[in-house]
Amino acid sequence: MKPAYIYAALVVLVVGGLVALKQFGGTSNAADMAPYDDFAQCLTDHGVKFFGAYWCPHCQAQKRLFHNSKKLPYIECSTPDGQSQTQICIDNKITGYPTWEFADGSRLDGEQTFEDLGAKADCPVPQAAT
């Protein structure tokens, strides 16, 4: 192998590693996650549902807003091949992503702020997020 190819391969590996680290965020401690987890749990407790698709950039941005909290009331709508919709989303007549549905049946479409979600669901906005 020529040195130029080795150098190029190393650059690709380093850049790819940095992108992956930024994308997946490394580790977070529980104290850092607490405000986001608490807010996500409040939304869940108040009957909120977040319908999205893994390939949707707006859904990914919405998840990042919550620091990828595992307590987020997220429902995946895309089939693994990205070509169809899951039955739960068909049954709920989800036509776009992200879609936020509230206990009263009302919906908000698109990316939402903590303030809008908190006001609609009667959940206090986390101080760390303001």
Side-chain angles (χ1 to χ4, degrees):
M1 206 178 226
K2 293 183 179 181
Y5 291 123
I6 293 172
Y7 176 73
L10 286 173
V11 168
V12 168
L13 287 173
V14 169
V15 170
L18 291 172
V19 168
L21 183 62
K22 181 169 175 52
Q23 177 71 24
F24 298 110
T27 59
S28 295
N29 67 40
D32 291 340
M33 287 301 298
Y36 305 101
D37 283 345
D38 292 347
F39 187 57
Q41 187 64 56
C42 183
L43 293 174
T44 300
D45 292 345
H46 284 87
V48 176
K49 296 174 187 170
F50 165 27
F51 294 94
Y54 72 87
W55 47 260
C56 166
H58 297 288
C59 300
Q60 297 307 316
Q62 198 76 92
K63 288 179 183 179
R64 281 192 304 274
L65 183 67
F66 282 85
H67 289 233
N68 294 309
S69 172
K70 301 295 183 210
K71 296 184 179 189
L72 194 59
Y74 180 74
I75 298 168
E76 179 60 48
C77 286
S78 181
T79 56
D81 65 4
Q83 300 300 309
S84 299
Q85 203 176 44
T86 58
Q87 192 62 47
I88 190 170
C89 295
I90 293 169
D91 293 345
N92 282 280
K93 298 177 177 48
I94 303 301
T95 59
Y97 312 114
T99 295
W100 290 89
E101 185 176 80
F102 299 87
D104 65 1
S106 65
R107 292 183 173 176
L108 292 174
D109 295 324
E111 290 181 49
Q112 302 299 318
T113 64
F114 282 156
E115 290 78 12
D116 290 342
L117 293 170
K120 188 85 172 132
D122 196 27
C123 289
V125 175
Q127 292 303 310
T130 56

Please report the closest heavy-atom contact between [X] and [Y], naming both atoms and the distance.
X	Y	answer
Ile94	Phe51	CD1-CD1, 3.5 Å
Glu111	Pro98	N-CG, 3.9 Å
Phe50	Cys59	CZ-O, 3.9 Å
Ala53	Tyr74	N-OH, 3.3 Å
Ala121	Leu43	CB-CD2, 3.6 Å
Thr86	Glu76	OG1-O, 3.2 Å

Hey, what do you get for [atom1] ([X]) to [atom2] ([Y]), rounding to the nearest 0.5 Å?
X	Y	atom1	atom2	value
Cys77	Ile90	SG	CD1	9.5 Å
Lys120	Phe102	NZ	CZ	6.0 Å
Leu65	Gln60	CG	CD	13.0 Å
Gln85	Asp91	CD	CG	9.5 Å
Asp37	Asn68	CG	CG	10.5 Å

Inset, instruction - Verify, without hydrogens or angle tests, whether Thr79 (side chain) and Ser84 (backbone) share a donor-acceptor contact under 3.5 angstrom. - result: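 At least one qualifying donor-acceptor pair exists.
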Inset, instruction - Check whether any side-chain N or O of Tyr36 sits under 3.5 Å from a backbone N or O of Pro126 as a donor-acceptor pair, and report yes or no. - result: no
Legend entry - Any side-chain heavy-atom pair of Trp100 and Asp116 under 4.5 Å: no
Inset, instruction - Could you tell me whether the side chain of Lys63 reaches within less than 4.5 Å of the side chain of Leu72, counting heavy atoms only? - result: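 Contact flag for Leu72/Lys63 side chains = yes.
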Inset, instruction - Determine whether Val125 and Val48 fall in the same hydrophobic cluster, where Ile, Leu, Val, Met, Phe, Trp and Tyr are linked whenever their side-chain heavy atoms lie under 4.5 Å apart. - result: yes
Inset, instruction - Decide whether Asp45 and Gln41 meet the rule of one side-chain donor and one side-chain acceptor closer than 3.5 Å. - result: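 Yes.
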Legend entry - Exceeds 12 heavy-atom contacts within 6.0 angstrom, atom NE2 of His46: yes
Legend entry - Parallel, tilted or perpendicular: ring planes of Phe114 versus Phe66, cut at 30 and 60 degrees: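 Perpendicular.
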Inset, instruction - Would you check, one step at a time, whether the test side-chain contact (heavy atoms from CB on, under 4.5 Å) holds for Ile75 with Glu101? - result: CA-CA 11 Å; Ile75 298 168; Glu101 185 176 80; over 6 Å; no
